[in-house]
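Just below is one structure, and these are the notes that go with it.
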Protein chains: 2
Amino acid sequence: MRISVQAKQENRARILKAAVEIFTVKGFDATTTRDIALASGLAAGTMFNYFPSKETLAMTMVAEALGQGRSDFVHRRTGKEELGEELFLFIASGLRRLRPLRSFIGPVFERSLSPFPRRTVCHEGEAARLEHLDVVQEIISRHGYSEAPDYVAMTIYWSLYLGILAFWANDESLNQEASQSLIDYSIRMF
Amino acid sequence: MRISVQAKQENRARILKAAVEIFTVKGFDATTTRDIALASGLAAGTMFNYFPSKETLAMTMVAEALGQGRSDFVHRRTGKEELGEELFLFIASGLRRLRPLRSFIGPVFERSLSPFPRRTVCHEGEAARLEHLDVVQEIISRHGYSEAPDYVAMTIYWSLYLGILAFWANDESLNQEASQSLIDYSIRMF
DNA sequence: ATATTATTATGAGCGTGCTCATTTTATGTT
DNA sequence: AACATAAAATGAGCACGCTCATAATAATAT
């Protein structure tokens with residue numbers, strides 16, 4: 001069967017919407033792919049024509065949110081911030097857009113953002129990582145460190161960033177103030 | 001059926017031995033719990049009387065190795081090292097004992113050492129983390145920072161340490177020299 | 001010896017993420 | 001309108017980690 005491009009986009013959107021809703025209620029692990037497919041009005045297997053894995057489905061949401069966060073950041077920065085301020089702004093912009101996913105996205109971070117080879121590569125996660133690091137490199141370069149930050153520095157940065165994401169996802173303090181403090185310390189150290 | 005204490009220990013040891021061998025050949029994910037049970041001369045379900053999950057089985061090996069590494073460290077340090085030197089020695093002692101697991105343990109690190117609540121808590125991982133951090137706190141305290149390192153510092157430390165473990169597990173440089181360099185940078189920053 | 005009991009081993013079976021041969025249908029062609 | 005074709009939907013089914021009712025047996029009591 002052929003379906004129109006529009007119908008395909010609608011299906012994709014319905015899957016994403018249903019997934020967010022069920023993940024939010026039941027959590028990532030307790031939500032089955034069958035749950036999501038049926039709630040989207042599709043058969044169990046059809047979901048996998050749109051997203052190759054449950055993990056990729058979730059990472060697609062993350063990548064989208066981080067993309068928007070990056071765009072927010074680009075439009076919001078004045079170009080006059082200190083290095084640390086600018087990094088903080090960038091990280092905070094991403095977290096703001098990730099907010100709707102916060103209640104269930106923790107487990108996904110811990111599995112999908114590793115910089116190292118995995119059994120099932122998740123391109124969405126890989127791409128999100130590289131795009132994030134590109135911006136960080138650009139920020140650092142613009143602040144006078146003429147030589148591009150090296151591989152070790154980026155490895156360390158990513159470790160700290162993953163720690164922030166994991167902490168933030170589980171941070172029950174008001175408005176995630178604790179996370180802001182962690183970001184602050186991490187940046188200063190970096 | 002009752003079996004002697006000795007027989008039980010033998011079963012446990014056989015499971016661990018078989019698991020290490022098969023993990024090494026096939027990798028963690030591609031090894032099935034049935035593989036391990038059968039290679040140990042036990043039925044599929046029996047393995048779970050000894051280890052509640054495949055993940056716990058692997059983390060038991062990690063915990064054991066880190067325990068030995070900690071013991072090595074305690075016996076090897078002179079007490080005259082600089083703070084950084086001592087941290088390096090501690091981390092390196094753990095990695096040395098983890099060496100036999102290096103080829104397959106990466107995925108386990110990435111799932112089991114998170115400091116945050118998980119669907120299935122893995123006590124072995126939790127315990128390993130706390131014991132490691134205890135030693136780190138003790139090291140830092142002995143070096144004159146009278147007030148105990150706070151929660152934020154320990155969170156950051158653990159992020160960096162996880163990054164080191166993940167990097168090391170995938171480090172194909174000779175004798176993992178690249179990892180040594182990463183440890184060095186991470187400690188200096190910390 | 002025999003019976004009883006506590007403890008362990010067993011493997012059929014469940015729910016899961018995911019695959020794939022088959023069926024269905026929107027679109028292009030005559 | 002009838003047909004052909006390409007692309008997408010379907011759901012039975014697989015392998016996996018893990019559970020649990022049942023069977024088996026070593027230790028203990030009689």
Side-chain angles (χ1 to χ4, degrees), chain A residues 1-16 18-19 22-23 26-61 104 107-108 110-112 118-125, chain B residues 1-16 18-19 22-23 25-60 104 107-108 110-112 118-125:
Chain A
M1 101 196 242
R2 273 179 177 163
I3 66 174
S4 66
V5 172
Q6 187 195 345
K8 238 193 139 177
Q9 281 177 344
E10 280 174 10
N11 278 347
R12 198 187 129 99
R14 264 211 309 283
I15 293 173
L16 284 169
I22 311 181
F23 283 157
K26 304 174 67 169
F28 180 78
D29 288 316
T31 300
T32 72
T33 56
R34 284 169 179 81
D35 286 341
I36 299 170
L38 298 186
S40 313
L42 299 169
T46 307
M47 215 209 72
F48 293 95
N49 291 345
Y50 290 84
F51 301 94
S53 72
K54 184 178 166 185
E55 191 182 320
T56 298
L57 172 57
M59 277 309 298
T60 298
M61 305 175 192
F104 63 84
V108 184
E110 286 161 23
R111 287 174 221 169
S112 309
R118 314 187 60 228
R119 71 218 137 119
T120 312
V121 183
C122 178
H123 298 291
E124 283 69 16
Chain B
M1 115 192 229
R2 273 179 176 164
I3 66 174
S4 65
V5 172
Q6 186 195 346
K8 235 190 142 178
Q9 282 177 340
E10 281 174 8
N11 278 347
R12 199 185 127 100
R14 264 210 310 282
I15 293 173
L16 284 169
I22 309 182
F23 283 156
V25 174
K26 303 175 66 169
F28 180 78
D29 288 315
T31 300
T32 71
T33 56
R34 285 169 178 83
D35 286 341
I36 299 171
L38 299 186
S40 313
L42 299 170
T46 308
M47 216 209 71
F48 293 94
N49 291 345
Y50 290 84
F51 301 94
S53 72
K54 185 179 166 185
E55 191 182 319
T56 299
L57 171 57
M59 277 309 297
T60 299
F104 63 84
V108 184
E110 287 161 22
R111 287 174 220 168
S112 309
R118 314 186 60 228
R119 70 218 139 120
T120 312
V121 183
C122 178
H123 298 292
E124 283 69 16

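Below, read A as the first sequence line, B as the second, and so on, with proteins coming before strands; counting in each chain starts at 1.
When the salt bridge (charged side-chain N to carboxylate O under 4.0 Å, His left out) test is applied to A:Glu124, no partner is found at least two apart in sequence or on another chain. Considering only residues two or more places apart in sequence or on other chains, A:Phe104 meets the ring pair (Phe, Tyr, Trp, His ring centres under 6.0 Å) condition with A:Phe23. For B:Phe48, the side-chain contact (heavy atoms from CB on, under 4.5 Å) test picks out B:Thr33, with sequence neighbours left out. Scanning for side chain to side chain donor-acceptor pair (under 3.5 Å) contacts around A:Arg14 gives A:Asn11, with sequence neighbours left out. With sequence neighbours left out, the salt bridge (charged side-chain N to carboxylate O under 4.0 Å, His left out) criterion links B:Lys8 to no other residue. For B:Gln9, the side chain to side chain donor-acceptor pair (under 3.5 Å) criterion is met by no residue, not counting sequence neighbours.
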Which side-chain N or O atoms in residues 37-47 of chain A pair as donor and acceptor under 3.5 Å with protein atoms at least two apart or in another chain?
from    : atom 1 : to      : atom 2 : distance (Å)
A:Ser40 : OG     : A:Ile36 : O      : 2.6

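For B:Lys8, counting side-chain heavy atoms from C-beta on, the closest listed nucleotide (C:dT8, D:dA9, C:dT10) is C:dT8.
If you take CG of A:Asn11 and C1' of C:dT25, they are 14 Å apart, rounded to a whole angstrom. Between the P atom of C:dA9 and the CD atom of B:Glu10 lies a distance of 12 Å, rounded to the nearest Å. Atom CD of B:Gln9 is separated from atom P of C:dT8 by 12 Å (rounded to the nearest Å). Protein atom CG of A:Asn49 is 6 Å distant from nucleotide atom C1' of D:dA8, rounded to whole Å. Atom-to-atom, CD of A:Glu55 to P of C:dT16 comes out at 18 Å; the value is rounded to the nearest Å. Distance CZ (A:Phe48) to C1' (C:dT16): 10 Å, rounded to an integer number of Å. As rounded to whole Å, 13 Å separates atom C1' of C:dT19 from atom CE of A:Met47. Protein atom CD of B:Gln6 is 16 Å distant from nucleotide atom C1' of C:dT8, rounded to whole Å.
Of the residues in residues 29-42 of chain B, B:Arg34, B:Leu42 come within less than 4.0 Å of DNA chain C through at least one heavy atom, sorted by number.
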task: Before giving the answer on side chain to side chain contact (heavy atoms under 4.5 Å, CB included), spell out for A:Asp35 and A:Lys26 the whole-Å C-alpha distance, their side-chain angles and the decisive distance to 0.1 Å.
output: CA-CA 10 Å; A:Asp35 286 341; A:Lys26 304 174 67 169; 3.0 Å; yes
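Atom CZ in A:Phe51 sits 13.0 Å away from atom CE in A:Met59 (nearest 0.5 Å).
Here B:Lys54 does not reach the OP1 or OP2 of D:dC18: none of its side-chain N or O atoms lies under 4.0 Å away. Under 4.0 angstrom from either OP1 or OP2 of D:dA8 there lies no side-chain N or O belonging to A:Tyr50.
Checking A:Ala44 against B:Thr46, the closest nucleotide of DNA chain C that is more toward the 5' end is the one next to B:Thr46.
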Taking only N/O atoms, report every protein-nucleotides 21-23 of chain D pair under 3.5 Å with atom names and distance.
none

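Among the heavy atoms of the strands, none lies under 4.0 Å from B:Phe51.
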